[in-house]
A.B. asks: 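Dumping the structure here so I can ask a few things about it.
Throughout, protein chains are lettered first and strands after them, A, B, ... in sequence-line order, and every chain is numbered starting at 1. These numbers come from a predicted model, not from an experiment.
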2 protein chains.
Amino acid sequence: MGTTKSAVFSEEINDLALLFKALGHPARIAIIQFLRAQETCICNDLVNELPLAQPTISQHLKELKNAGIIQGNVSGTSLCYCLNQDKIKELDAFLASLKYDQSPTCC
Amino acid sequence: MGTTKSAVFSEEINDLALLFKALGHPARIAIIQFLRAQETCICNDLVNELPLAQPTISQHLKELKNAGIIQGNVSGTSLCYCLNQDKIKELDAFLASLKYDQSPTCC
DNA sequence: TTCTTATATCGTAATATTGCAATGTAGCAA
DNA sequence: TTGCTACATTGCAATATTACGATATAAGAA
């Protein structure tokens with residue numbers, strides 16, 4: 001055990017869970033927020049911005065990239081990352097699907 | 001190590017990360033979707049619905065509850081859980097804050 | 001009281017995640 | 001060439017998560 005039983009769930013559910021999981025870490029939220037604040041892409045100003053070591057930040061960037069939440073382009077010696085709006089819309093659509101008009105009777 | 005360095009991030013960021021983390025598991029997405037589909041609250045029909053053992057489901061419910069994403073009320077022998085729309089709105093607001101009007105220049 | 005039903009909790013094995021030092025690599029400047 | 005800058009990768013220790021069998025607990029039925 002220790003392994004998530006992904007095989008028993010639909011692909012749609014697993015995809016959503018991976019997206020949420022990628023955002024389920026404060027460093028990665030901070031990265032996303034910084035990316036958003038810059039409007040344009042950035043590289044490892046993050047190393048100066050966040051109180052984490054460079055390998056740790058690189059690892060978090062990799063996970064966000066694997067999840068498809070950010071995209072990166074090489075530009076000379078540095079790497080330029082930015083948000084992928086499509087994935088954010090996917091999450092948004094899921095959250096929207098959870099909304100009720102009325103509150104249920106029990107809670 | 002192995003521990004997330006929460007102390008170095010703002011409370012707002014940590015809270016968001018905890019919410020996303022709670023949704024970062026397929027079983028918990030499935031639970032949320034089932035809750036939504038029922039409109040009204042349910043108990044452990046989840047045990048019949050999901051291919052997971054009862055203690056496992058109970059544990060996932062606990063985590064969703066800890067995160068504040070679901071709420072529960074005792075009603076006789078069974079427990080009635082339902083979604084907490086406020087938390088969903090929090091996540092929604094964060095995602096909305098990530099949107100650009102224009103695509104950045106690099107990606 | 002005893003039984004059943006619905007749930008929570010404990011304990012534990014398997015595995016995943018986090019964080020970082022050390023090290024690698026690739027581009028550019030001198 | 002040497003050296004620097006901006007990353008990525010490797011390896012490892014500490015810790016967290018996942019899943020579940022076994023075992024509680026609490027309410028209601030018989």
Side-chain angles (χ1 to χ4, degrees), chain A residues 1-9 13-14 17-31 34-35 41-67 70-82 106-107, chain B residues 1-9 13-14 17-31 34-35 41-67 70-82 106-107:
Chain A
M1 286 128 231
T3 322
T4 295
K5 288 178 80 174
S6 306
V8 300
F9 297 103
I13 284 184
N14 282 313
L18 285 178
L19 283 179
F20 280 120
K21 192 176 179 182
L23 293 176
H25 191 289
R28 296 195 287 267
I29 295 285
I31 288 173
F34 189 68
L35 264 173
C41 307
I42 51 128
C43 342
N44 267 26
D45 311 319
L46 286 167
V47 174
N48 299 315
E49 192 69 18
L50 302 182
L52 295 172
Q54 180 265 323
T56 306
I57 291 175
S58 187
Q59 192 176 280
H60 284 306
L61 284 169
K62 190 180 178 185
E63 274 169 69
L64 286 169
K65 203 172 166 188
N66 281 345
I70 64 175
Q71 301 169 307
N73 268 1
V74 181
S75 80
T77 321
S78 58
L79 232 175
C80 168
Y81 285 112
C82 60
C106 74
C107 301
Chain B
M1 286 126 234
T3 321
T4 295
K5 289 178 80 175
S6 307
V8 299
F9 298 104
I13 285 185
N14 282 314
L18 285 177
L19 282 180
F20 280 120
K21 192 175 180 182
L23 293 175
H25 191 290
R28 295 195 287 265
I29 295 285
I31 287 172
F34 190 68
L35 264 174
C41 308
I42 51 128
C43 343
N44 266 27
D45 311 320
L46 287 166
V47 175
N48 299 314
E49 193 69 19
L50 302 181
L52 295 171
Q54 180 265 322
T56 306
I57 292 175
S58 185
Q59 193 174 278
H60 283 307
L61 284 169
K62 190 181 177 184
E63 274 170 70
L64 286 169
K65 203 173 167 189
N66 281 345
I70 64 175
Q71 301 169 305
N73 268 2
V74 180
S75 79
T77 321
S78 57
L79 231 176
C80 167
Y81 284 113
C82 59
C106 75
C107 301

A.B. asks: Rounded to whole Å, how long is the line connecting atom CD1 of B:Ile57 with atom C1' of C:dT9?
C.D. replies: 16 Å
A.B. asks: Rounded to whole Å, please give me the gap between CD1 in A:Ile70 and P in D:dC7.
C.D. replies: 12 Å
A.B. asks: Nearest to the side chain of B:Thr4, heavy atoms from C-beta on, is which of C:dC20, C:dT18, D:dA19?
C.D. replies: C:dT18
A.B. asks: Taking NE2 from A:His25 and P from D:dA16, how many angstroms apart are they, rounded to a whole number?
C.D. replies: 12 Å
A.B. asks: How far apart are the closest heavy atoms of B:Cys82 and B:Leu35, and which atoms are they?
C.D. replies: CA-CD2, 3.8 Å
A.B. asks: Just to confirm, is there a sub-4.0 Å distance from OP1 or OP2 of C:dA8 to any side-chain nitrogen or oxygen of B:Tyr81?
C.D. replies: yes
A.B. asks: Is the distance from OP1 or OP2 of C:dG19 to the nearest side-chain N or O of A:His60 less than 4.0 Å?
C.D. replies: yes
A.B. asks: Measure CG/B:Asn14 against P/C:dT18 and give the value in whole Å, please.
C.D. replies: 13 Å
A.B. asks: Distance check needed: C:dT18 C1' versus A:Leu61 CG, whole Å only.
C.D. replies: 15 Å
A.B. asks: Relative to the ring of B:His60, is the ring of B:His25 parallel (under 30°), tilted (30 to 60°) or perpendicular (over 60°)?
C.D. replies: tilted
A.B. asks: Give the nucleotide from the list C:dG19, D:dT9, D:dT17 with an atom nearest to the side chain of B:Lys21.
C.D. replies: D:dT17
A.B. asks: Need one value for B:Thr56: base, sugar-phosphate or nothing, where a base atom within 4.0 Å counts as base even if backbone is also close, heavy atoms only.
C.D. replies: base
A.B. asks: Measure from CD1 on A:Ile31 to P on C:dG19 and round the result to the nearest Å.
C.D. replies: 10 Å
A.B. asks: Have a look at B:Ser58 and say if it touches a base, only the backbone sugar-phosphate, or nothing, with a 4.0 Å heavy-atom cut-off.
C.D. replies: base
A.B. asks: Contact class for A:Thr3 vs. all strands (heavy atom < 4.0 Å): base, sugar-phosphate, or nothing?
C.D. replies: sugar-phosphate
A.B. asks: With rounding to the nearest 0.5 Å, note down the distance linking CZ in B:Arg28 to OG1 in A:Thr4.
C.D. replies: 8.0 Å
A.B. asks: If you measure from SG on B:Cys80 to CD1 on B:Ile70, what distance do you get to the nearest 0.5 Å?
C.D. replies: 10.5 Å
A.B. asks: From NZ of B:Lys65 over to C1' of C:dT7, roughly how many Å is that when rounded to an integer?
C.D. replies: 11 Å
A.B. asks: Rounded to the nearest 0.5 Å, how far does CG of B:Asn14 lie from CG of B:Leu19?
C.D. replies: 11.0 Å
A.B. asks: Using atom CG of A:Leu50 as one end and atom P of C:dT18 as the other, report the distance to the nearest whole Å.
C.D. replies: 15 Å
A.B. asks: Would you say the side chain of B:Gln59 and the base of C:dA8 hold a donor-acceptor pair, judged only by whether the two atoms sit under 3.5 Å apart?
C.D. replies: no
A.B. asks: For the side chain of B:Lys62, counting heavy atoms from C-beta on, which of C:dC20, C:dT9, D:dG21 is nearest?
C.D. replies: C:dT9
A.B. asks: If you assign A:Gln54 and A:Gly2 each to the DNA chain C nucleotide with the nearest heavy atom, which residue ends up on the more 5' nucleotide?
C.D. replies: A:Gly2
